[in-house]
Structure formats: C-alpha cells, structure tokens
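In what follows, a structure is listed as structure tokens, so that the remarks can point back to it.
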Amino acid sequence: MLRAQELGRSFGDRWVFRGINLALEKGQCLCVLGPNGTGKSTLLKVLAGLMAPTEGAVTRPGRNGIGYAALDLALYPQLSAPEHLALFAKLRNVPDPGVKLLDSLGLPGVGSKPSGAFSTGMRARLKLALATMHLPEVLFLDEPTAALDDKGQALIGQTIQGQLERGAVIIATNDPADRSYATHELVLAG
Amino acid sequence: MNSSWLVESIAVFRKEWLSEMRSRHGLFTSFLFSLLSVVAMSLASFGQKPAPNLAAGMLCVTLLFSAVVSLPRSFLVEDEQGTFDLLRLAAEPTAAYAGKLIYNVVQSLLAVFVLTFLFVILTRVSVPDPFMLTVGVLFTAFALAGGVSLCGALVMGAMNRWLLGSAVALPVLMPQVFLGMGALRSALGGGTAPEGWQCVLGLLGWSVTLIASGPLLAAAAWKTDE
C-alpha cells in the first residue's frame, strides 16, 4: 500500500531524517514516535506527498487513496462543516456524507456556523471527517488525540480500528496511549 | 477535460465565491482602491476633458492596479491561512487552478466594467467608439485575470511571495498593458480603428496564452514528488 526507499529530507544543511525504508500493508498501523522537532510531521508530509523528499522515493496510492489529518492543517474559516464536506465530496468524486457523518463524529447541529468559529476539538473532528469520508487506503494522522477530549479520543480509536479493516494507518504522536494501536513503531531521534 | 475535472473546477470556484461573499476582502480592496484612483484622476482633470492618449493610460493603469491588489488573493490566501495542503490533498491541481481562475475572471469582469463606467462618467472623457471600448475592456479583464492568476499560482509558497510576485508580474503583465493601452486609446479617439482592433486581437491572443498555459504551469509548480 505504501513504500518508502532510502527516504531523506533536509532543510539546508540539516538532515531531519535520512535512510528511512518502510513498507506498509493492509491492517498495519505504524506509529512514528520521537521528541518534538525530530521530524515526525515532516515524515508524514513527505509520505503523504505534501512535501518533496530530498532523497529517496515513496510509492503511495493515488490522490483518493490518501486521508490526512493534522493539527497544523487549516480549514476554510468562512465555510461551515457541511460546506466543507460538500466541497471535498465533489473534489474526491464521492457522495456527500452530509450531516450523518458529522453526527457520528460528534459534531451534531453545527449547521451553518463557519469553521473559523469552531473550537480546536471541533476542528480536529471535522478534519478527521474530511480525511476519512472517501474511505482512503492509507490514513495519516498527525497528533490525532492532541486536541480531543475523552469522547474524541475514543472516536479516534474507532476510526483507526475501522481504517485497519480496509487499509493502513500511520500516526505521528507523543501520546503513549496512541501506541496501543501500533503494529509497528518508528522512533525518530533527531 | 472530463466531467469530474469540470465538477472539481466548479466546486473550487464555488468555494472561492462563498468565501469572498462572506469576507469581501478582495472585492472591497479592489473597489475601494480603484474608486480612489478614479476619483483622484477626475479631480486632477477637473473642469477639462483629458486627452484620449492620457485618458487611455490613466484607465489602463487603474484597471491594472485594481487587478494586482485583489486577484492574487485567491491563491496567496490559501498559503497564508494554511489551507493549501488541504486543497491539494483532494483536488487535481489543474482543476484547482481553473476554479480559482474562473473566480478571478468573474471578479475582474465586475471590477473593470464598474471602473470603466465610473471613469467615463467622472472624467467626462468622450468615447467615439463604445463598441471597441467594451471589447477592449472585456479582453483586458481576461488578460488581467489570466496574468495575475498565473503570477499568484507561481509564487505561492515562496518566502517573499509579494516581492517575487511583483517581479514575475512585470514580464507577464507588460504585453497586456501595451495592448490594452492601444485598444483603449483608439476607443477613446486617440488612434485609428485598425490600430485599435489590432491591439484587441493581440489582447485576445495574450489572454488565451495566459489562460491556457496557467493550469499546466501551476500544476508543475505545485508538484512535490518525483
């Protein structure tokens, strides 16, 4: 599903990571661990195709095979949650899941409220909805539980379990609880 | 171009339109700045009609600046608010560009026709060939939207994007300025009709070049892998 060969990324003279080889198959969950600033988020961006590697190559599914949710991923502040779902359903050429998905992700009744007025936790839930609405093959989650309450964290657990039945998951995290989902771990030391 | 590509483009256009209608940053900036320019010019020429050559130059510069201050926003704001990654995770790059370009064309058409109308009224300049003025302004709007969209897309993600945008805009917008000026000069009575139509045709060709090459150049600039 996802392969990386001799992957490396540098900023100027400083290598964030180098020589990473990995292969991820259906049902596997890779947990990327490491202290702040060791390149966990950068690795996820390179693997997801949002950032070019300095060296090496990644083989990944096409655009619709990837779901990505991260703390630093912004939403359109003027658009409501249903408008986000409608937009991304059209971009991904899938049916609009609408209010049903929002309800299941703990966002009932957000209606026409623009996402700019959402709390951090609500934004995280909407990003999760956008990352999973097209049933991707590989789901990338960067610090998925950082902004969520207990219910939200349970939701992440359910999402990961569901994803593992149809594909793979890569999580970048510092939260020890997230390690319980891992079938493999990669520790970046910086 | 297939139906899915078209659906994506229209979805991006709709997103731009909804966002703009709710924030009104682009339209407001464009109209306020341009209105100020037109009022300043009408005050400067108070009591006398400006010569056709001068009027053509003033109108062309007003249209140019109204486009430059507002049209790149649809691209640069994605970078500034951090939504570009969200968009390119889901959208085909050429479709995303096309959606934004359509939005810029609509905004550019609105701006240039309102500004031209205000300019003609406030400066009391005579228009011997209104048809050429309409067509010249129409293609100027297309060329401006195409040129400024291309510049915005190319400098997205750059560290000094506004500075770089100005540098890229110079060669991209220069032909449009010359050709637009020629068409408007003839429309306002400062040149012959054949000269004017030649410039209008040039504007059409330049617009088509910018609009056709934009999606491919933007997609190449946004590419992150391989």
Side-chain angles (χ1 to χ4, degrees), chain A residues 4 7 9 41 44-54 56-60 62-80 82-94 96 112 114-117 123 126-127 130-131 133-134 136 138-140 142, chain B residues 1-28 73-100 102-103 156-159 219-226:
Chain A
L7 204 61
R9 172 73 204 194
S41 300
L44 255 64
K45 282 184 178 173
V46 171
L47 290 172
L50 289 172
M51 193 182 275
T54 308
V58 183
T59 309
R60 70 177 76 83
R63 208 163 28 103
N64 261 8
I66 286 176
Y68 180 92
L71 265 182
D72 65 353
L73 196 66
L75 297 164
Y76 293 105
Q78 285 89 19
L79 299 190
S80 66
E83 284 167 347
H84 272 91
L85 291 183
L87 168 66
F88 284 87
K90 286 202 171 109
L91 294 179
R92 293 196 181 276
N93 200 18
V94 294
D96 181 359
S112 59
S115 73
R123 280 200 289 270
L126 179 54
K127 283 187 254 185
L130 297 176
M133 63 187 283
H134 54 295
V138 184
L139 177 62
F140 294 87
D142 189 359
Chain B
M1 190 195 299
N2 55 33
S3 63
S4 155
W5 187 90
L6 202 60
V7 168
E8 282 188 48
S9 305
I10 293 169
V12 173
F13 165 74
R14 188 170 177 274
K15 185 265 293 177
E16 294 298 328
W17 184 261
L18 283 177
S19 297
E20 182 56 41
M21 286 304 108
R22 287 170 191 170
S23 73
R24 295 200 178 92
H25 287 158
L27 283 173
F28 189 71
R73 261 190 64 80
S74 64
F75 289 93
L76 302 184
V77 83
E78 294 276 0
D79 209 23
E80 286 169 358
Q81 70 189 9
T83 47
F84 185 45
D85 280 347
L86 186 69
L87 181 67
R88 67 195 178 130
L89 273 167
E92 158 69 29
T94 56
Y97 181 89
K100 287 174 177 289
I102 298 168
Y103 170 76
M156 258 176 96
M159 198 88 81
W222 294 348
K223 208 170 183 177
T224 54
D225 47 5
E226 288 168 39

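Here is how names work: the chains are called A, B, and so on, in the same order as the sequence lines, proteins then strands, and each is numbered from 1.
Contact of the Pro114(A) side chain with the Arg22(B) side chain is not registered, since no non-hydrogen atoms from C-beta on lie closer than 4.5 Å.
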Run Leu87(B) and Leu91(A) through side-chain contact (heavy atoms from CB on, under 4.5 Å) and show every step you take. CA-CA 9 Å; Leu87(B) 181 67; Leu91(A) 294 179; 4.1 Å; yes
Residues Glu8(B), Asn93(A); criterion side-chain contact (heavy atoms from CB on, under 4.5 Å); working and verdict: CA-CA 8 Å; Glu8(B) 282 188 48; Asn93(A) 200 18; over 6 Å; no
Would you check, one step at a time, whether the test side-chain contact (heavy atoms from CB on, under 4.5 Å) holds for Leu86(B) with Leu130(A)? CA-CA 9 Å; Leu86(B) 186 69; Leu130(A) 297 176; 4.1 Å; yes
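Without hydrogens or angle criteria, Arg63(A) side chain to Leu89(B) main chain gives no donor-acceptor distance under 3.5 Å.
Note: Lys15(B) NZ to Leu79(A) CG = 7.5 Å, rounded to the nearest 0.5 Å. Residue Arg24(B) holds its CZ atom at 11.5 Å from CD of Gln78(A), rounded to the nearest 0.5 Å. If you take CZ on Phe84(B) and CG on Leu50(A), they are separated by 9.5 Å, rounding to the nearest 0.5 Å. Distance check, rounded to the nearest 0.5 Å: OG1 of Thr83(B) to NE2 of His84(A) gives 8.5 Å.
Using a 4.5 Å cut-off between heavy atoms, Glu20(B) does not touch chain A at all. Only the side chain of Ser4(B) comes within contact range of chain A, with heavy atoms under 4.5 Å apart. Neither the backbone nor the side chain of Lys127(A) comes within contact range of chain B, judged by heavy atoms closer than 4.5 Å. For Phe88(A), the part lying under 4.5 angstrom from a heavy atom of chain B is the side chain only. There is no contact between Ile10(B) and chain A, counting heavy-atom distances below 4.5 Å.
Of all the listed residues (Ala11(B), Ala90(B), Gly82(B)), the one sharing the greatest number of non-hydrogen pairs under 4.5 Å with chain A is Ala90(B).
Counting only N and O atoms by type, the side chains of Glu78(B) and Tyr76(A) include a donor and acceptor under 3.5 Å apart.
A salt bridge does not link Glu92(B) with Lys90(A): every distance from a Lys NZ or Arg NE/NH1/NH2 to an Asp or Glu carboxylate oxygen is 4.0 Å or more.
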